Amino acid sequence: MNLNISQQRTKNYFLQVKSALIYKVLGILVSFIAIPLMIKYLGNEQYGIWSTILAIFSWIVLFDIGIGNGVRNKLAESLAKENKEEAQKYVSTGYISIGILSISLLVLFNIVAYFINWQIVFNTIIVTNSELYLAVSLAGSFLIVNFWLSLINQISNGLQKSQIVVFNQFLSNLLSLFFVFILYKFTEASLIKLILFYGFSLLISNFLVTYWIFKNYEFLIPKVKYFSKEYIKSITSLGFKFFIIQIAVVVIFTTDKIMITQLFGPEYVTNYDVVFKLFSIITIGHSLILAPLWSACSDAYHRGDIEWIKNSLFRQLQFFILIILGTIVLTFIAKYIIVFWIGKDFIIDDSLIYAMAVFVIVSTWNNIFAYIINSTNNLNVQITTSLIAMFINIPLSIILVKYYNFGVEGVVYGTIYSLLFFALFGSIQTFKLILNRI
């Protein structure tokens, strides 16, 4: 293995982490300022509805059938082979394919949404069904268009420029905060207005990042003539495996809010969301370290530099010890932070805080091994454990709540138990993969 390439990869990895740190810290700060403003603007129940809408539409990522992750890996592979034309063909095919899917989804969604009783879905009567339909329709339309534009994030990752993805998130959060502040100061509570300005925030940030990427990497500008059925097969054969994993991940990580809404009411989603957002300080911090790892490991794997992957894994495991310590500290001070952040009248149960702490530790452990496995395209173990987790997650949560009298924390524990399969078998697979290739 060329030592210079390995050293350059390591240098680029740490550069991405350092560059992303500033934007991520600012993004967390902006997000934490925006949440209490949104709660004050909408009230607990409407904020719970808003949070649940976002959870529902996170399912949109499924409709790319894994194309985004397929483009990311194939782009990284093409660049490792120094084949720019192939890279452009993958990007072009990815954009056109997701564009067709997005337009189809937009039409289908707005037809189906009209016939759904959204008051039943959100378990509320404080907002009329017609207003909920308009809210869901607007949110869905914005997020579907954004789903198309956000392919730029996977392209940035494939270029080993994950700091651009972090900047994109920061910019959209900053724009959202600006608009929420204007709404809070000058208008009455309106779910519709919040959705409109939130949607525009996403679109503006994605447009700006897309412009910057293609201005600096002109050889990747998508062209219709480079759309290829052969490349669709190449992307989707790999992408379909990611698609299965995406289905499982979305079910596991987004149904919590929906179940809480149905089992307890939308106002309880607000409690869950505040604790989740607080502990996301840990997971977001960890994502800074992990985000560049996928494409860097993909580059190393296709160049046969397994030693670099092994060293990266051991660094991640050392950092995981700090994750555990940080989570324990946050658990003890969480209530004090929430009182300062949201207000002294906002009451959170200790049991929900403890459950979220365990969830953070298990999910960060899983992410370390998932990112490395994803980079090598050896996805069978992850597919199997993800499907098992998907099928047992909801029943486990319901059993814990209905038959063992758990509160909202029971839904979190259901998710934790479902993640333990990959926690064991994913780590075993990763160590075997490294040892067998050295």
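Since the model is a prediction, treat every value here as computed from it, not as a measurement. Computed over heavy atoms, backbone and side chain alike; hydrogens, waters and symmetry mates excluded.
A distance-only check finds a donor-acceptor pair linking the side chain of Ser312 to the backbone of Trp308 [under 3.5 Å]. Remark: side-chain polar atoms of Ser137 are not paired, donor with acceptor, to backbone N or O of Leu134 under 3.5 angstrom. Side-chain N or O atoms of Asn216 include one that pairs as donor or acceptor with a backbone N or O of Trp212 at under 3.5 Å. Under a 3.5 Å cut-off, the side chain of Asn123 and the backbone N or O of Thr261 do form a donor-acceptor pair. Gln262 contributes a side-chain N or O that, together with a main-chain N or O of Val121, makes up a donor-acceptor pair within less than 3.5 Å. Under a 3.5 Å cut-off, the side chain of Ser150 and the backbone N or O of Phe147 do form a donor-acceptor pair. Between the side chain of Ser92 and the main chain of Lys223, a donor-acceptor pair closer than 3.5 Å is present. With Trp118 contributing its side chain and Ala113 its backbone, the two residues share a donor-acceptor pair below 3.5 Å. The main-chain N or O of Glu307 is found under 3.5 Å from a side-chain atom of Asn311 such that the two form a donor-acceptor pair. At least one donor-acceptor pair closer than 3.5 Å links the side chain of Ser78 to the backbone N or O of Lys74.
The pair Lys89-Glu86 does not count as a salt bridge, with every side-chain nitrogen at least 4.0 angstrom from each carboxylate oxygen.
A donor-acceptor pair shorter than 3.5 Å can be found between the side chains of Asn168 and Ser205. No side-chain donor-acceptor contact under 3.5 Å links Gln169 and Asn153. Defined by atom type and a distance below 3.5 Å, a donor-acceptor pair is missing between the side-chain atoms of Lys193 and Thr187.
Checking Tyr198, Trp148, Phe200 one by one against Phe142, the ring pair (Phe, Tyr, Trp, His ring centres under 6.0 Å) holds for a single residue, Phe200.
The 12-atom threshold is not exceeded at NZ of Lys40, counting heavy atoms of other residues, nucleotides or ligands nearer than 6.0 Å. The number of heavy-atom neighbours closer than 6.0 Å to CZ of Phe425, taken from other residues, nucleotides and ligands shown, is 12 or below. The environment of NZ in Lys81 is crowded: more than 12 heavy-atom neighbours from other residues, nucleotides or ligands sit within 6.0 Å.
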Could you go step by step and tell me if Leu132 and Thr124 meet the side chain to side chain contact (heavy atoms under 4.5 Å, CB included) rule? CA-CA 10 Å; Leu132 283 173; Thr124 186; 4.1 Å; yes

Step-by-step side chain to side chain contact (heavy atoms under 4.5 Å, CB included) determination, Ile155 to Tyr95: CA-CA 10 Å; Ile155 292 169; Tyr95 264 109; 3.4 Å; yes

Take Ile35 and Tyr47, measure what side chain to side chain contact (heavy atoms under 4.5 Å, CB included) needs, and give me the verdict at the end. CA-CA 9 Å; Ile35 288 170; Tyr47 178 84; 3.9 Å; yes

Could you go step by step and tell me if Ser386 and Phe421 meet the side chain to side chain contact (heavy atoms under 4.5 Å, CB included) rule? CA-CA 8 Å; Ser386 296; Phe421 292 95; over 6 Å; no

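Taking the six-membered ring where the residue is Trp, Phe276 and Phe359 present tilted rings, their angle falling between 30° and 60°. A parallel orientation is assigned to the rings of Tyr417 and Tyr413, their planes being inclined by less than 30° (bins at 30° and 60°). Ring geometry for Phe264 against Tyr268 counts as tilted: the plane angle lies between 30° and 60°, on a 0 to 90° scale.
Within the 4.5 Å cutoff, the side chain of Leu387 has heavy atoms near those of the Met390 side chain. Two residues are said to be in side-chain contact when any heavy atoms from C-beta on lie closer than 4.5 Å; Ile398 and Ile394 meet this criterion. Side-chain atoms of Phe369 and Leu313, non-hydrogen and from C-beta on, do get closer than 4.5 Å to each other. Here the side chains of Leu159 and Leu220 are in contact, with some heavy-atom distance below 4.5 Å. Using a 4.5 Å cut-off on side-chain heavy atoms (C-beta onward), Ile368 and Gln316 make contact. Residues Pro222 and Ile96 have side chains not in contact (no heavy-atom distance under 4.5 Å, counting atoms from C-beta outward). Side-chain atoms of Ile33 and Val180, non-hydrogen and from C-beta on, never get closer than 4.5 Å to each other. Looking at Lys310 and Phe314, their side chains come closer than 4.5 Å, going by heavy atoms from C-beta outward.
Rounding to the nearest 0.5 angstrom, the gap separating the CZ atom in Phe32 from the CH2 atom in Trp341 is 4.5 Å. Atom NE2 of His286 and atom CG of Asn367 lie 7.0 Å apart (nearest 0.5 Å). Taken to the nearest 0.5 Å, the OG1 atom of Thr430 stands 11.5 Å off from the NZ atom of Lys432. To the nearest 0.5 angstrom, Ile373 atom CD1 is 11.0 Å from Cys297 atom SG. Atom OG of Ser190 and atom CG of Leu196 lie 8.0 Å apart (nearest 0.5 Å). Here the CD1 atom belonging to Ile252 is positioned 10.5 Å from the OG atom belonging to Ser397, to the nearest 0.5 angstrom.
Nearest heavy atoms, Val269 versus Gly48: CG1-O, 3.9 Å. The two residues Ile416 and Ala355 come nearest to each other via the heavy atoms CD1-O, 3.4 Å. Between Phe320 and Ile361, the shortest heavy-atom contact is CE1-O, 3.5 Å. Residues Ile125 and Gln119 share a closest heavy-atom pair of CA-NE2, 3.8 Å. Closest approach of Ala87 and Leu75 over heavy atoms only: CB-CD1, 3.5 Å. Heavy atoms only, all atoms of each residue included: Asn374 and Gln382 are closest at OD1-NE2, 2.9 Å.
Side-chain rings of Tyr114 and Tyr133 approach one another, their centers coming within less than 6.0 Å. In this structure, Tyr90 has its ring center at least 6.0 angstrom away from the ring center of Tyr226.
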